[in-house]
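Inspection log for the structure reproduced underneath, given as structure tokens.
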Amino acid sequence: MLTRPALNRLKAYTPGLSIGEMNEELTQLSSNENPLGVSPLARKAMAQHLSQLNRYPDSNTTRLRETIAKQYNLQPNQVIIGNGADELITLISETFLNEEDEVIIPTPSFSEYDFGANLMGATIIHVSLTKDYQYDLDLILHHVTTKTKIIYLCSPNNPTGTYIKKADLDSFFQKTPQDIIVVFDGAYSQYAIADDYTNGIEYVEMGKKIVVLQTFSKIYGLAGIRVGMGISSSEIVACIHKVREPYNVNQLAQIAAEAAIRDIQHVEASREMNEEGRQYLYRAFEELDVSYIKTMSNFIFVHVGTDAKRIYEKLIHKGVMVRFGGVWGLSDYLRITIGLKSENQLLIAALKEIMNEIDESI
Ligand SMILES: Cc1ncc(COP(=O)(O)O)c(C=O)c1O
């Protein structure tokens, strides 16, 4: 096929199982969704809105942007809404990247950053996290050249759950050349409880060249309806609007997101449940003598060793779906979403059985 040459570097995305493919019996701990479900306020708002779906949505997502701006003490023209944060990554790439540009992407991290850069034919510079999967911001700065256009930072990072300390980001912004756009992906920021964590919005307020991404797919429980937000200066937001489709966010998504961000009870309950699950899983992994990386997110990157692929497959047979680390080239690891208490217990029971089976077969 005579596609653009840039497409030679692209592969179609391989997702975890989506709902249509999923066996109902399967416990889904592979996509970092909110196991508590849809926010009750969002569910009610969507139900009340069904009769209006003959109309086009608000192209300007006015009410949702106003709600978000109020929440973060910003102006509505500093907020842009996308069909998931995924779409915003593509829009940012389409807005800013030329073929001669370089994009710095931490590794391992979220695959869509590579997708956006490859789509535009830009050059990707991968910079590894440290051996214990922390960010090394000085190493990232070391890779900056006159061609660097975008630096991605993901905190808490997917798949490792590690985060960037505020003091480190402060000094990073002092050293970063003014013309580089920093995309700070805070898809999981609502789960981060460390005192020295920052969701990046303070740097928008300080006038830094940063786009903060957040999503309604995680703590807000709306992965199926696709809403993400970008927060930046009004100038950067205005540029990104130029490449946005007019009706990129459907009516139900706008209504649901507006209700979900106001549903403080649902957010608090989700955070609390995640925290309990995190502590339970830490203890359980320690008892199993399995090492893991401390996480500030709703998933844990677990080092199960050279049998990881086998364990992953055996977990599916026992009804539990997790993510195999091989997709990041880390085939000794599994990324496990923190689920409901019962789901976490099921996972640990299955893991125990599998590890005994493997021990016996040696
Ligand atoms: C780090 C990170 N950023 C962005 C996204 C995409 O979010 P959305 O569902 O809003 O497209 C994800 C989804 O898993 C993610 O892990």
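Keep in mind that what you see is a predicted model, and the values were worked out from it rather than measured. Whatever order the structure lists them in is the order used to number ligands and atoms, beginning at 1.
Against a heavy-atom cut-off of under 4.0 Å, K218 is close to the following atoms of ligand 1: 13 (C), 14 (O). Near R226, with a cut-off below 4.0 Å to any heavy atom, the atoms of ligand 1 are 8 (P), 9 (O), 11 (O). Of all atoms in ligand 1, numbered sequentially from 1 with element shown, those under 4.0 Å from a heavy atom of C154 are 1 (C). Ligand-side atoms of ligand 1 in range of S217: 8 (P), 9 (O), 10 (O), range being under 4.0 angstrom from any heavy atom.
Taking any N or O of A85, backbone or side chain, at least one lies under 3.5 Å from an N or O belonging to ligand 1.
Using a 4.0 Å cut-off between charged side-chain N and carboxylate O, E353 and K318 make a salt bridge. A salt bridge links E313 with K309: at least one charged nitrogen is closer than 4.0 Å to a carboxylate oxygen.
Residues meeting the side-chain hydrogen bond (donor to acceptor under 3.5 Å, both in side chains) test with R63, sequence neighbours left out: E258. Partners of N77 under the side-chain hydrogen bond (donor to acceptor under 3.5 Å, both in side chains) rule, at least two apart in sequence or in another chain, do not exist in this structure.
Under the 6.0 Å cut-off for aromatic ring centres, Y133 and Y333 qualify, their centroids lying closer than that. In this structure, Y203 has its ring center no closer than 6.0 Å to that of F184.
Ligand 1 lies less than 4.0 angstrom from a heavy atom belonging to Y188. Not a single heavy atom of N32 sits under 4.0 Å from any atom of ligand 1. Not close to ligand 1: E112, with no non-hydrogen atom less than 4.0 angstrom away.
Of the protein's non-hydrogen atoms, F110 CZ, 3.4 Å is the one closest to atom 12 (C) of ligand 1. Among protein heavy atoms, atom 6 (C) of ligand 1 sits closest to D86 OD1, 3.2 Å. For atom 3 (N) of ligand 1, the closest non-hydrogen atom on the protein side is D185 OD2, 2.6 Å.
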Apply the test salt bridge (charged side-chain N to carboxylate O under 4.0 Å, His left out) to residues K165 and D168: give CA-CA distance (whole Å), side-chain angles for both, the deciding distance (0.1 Å), then the verdict.
CA-CA 5 Å; K165 293 189 173 79; D168 293 343; 5.3 Å; no
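Under the 3.5 Å distance criterion, with hydrogens and angles disregarded, no donor-acceptor pair is assigned to the side chains of N157 and Y163.
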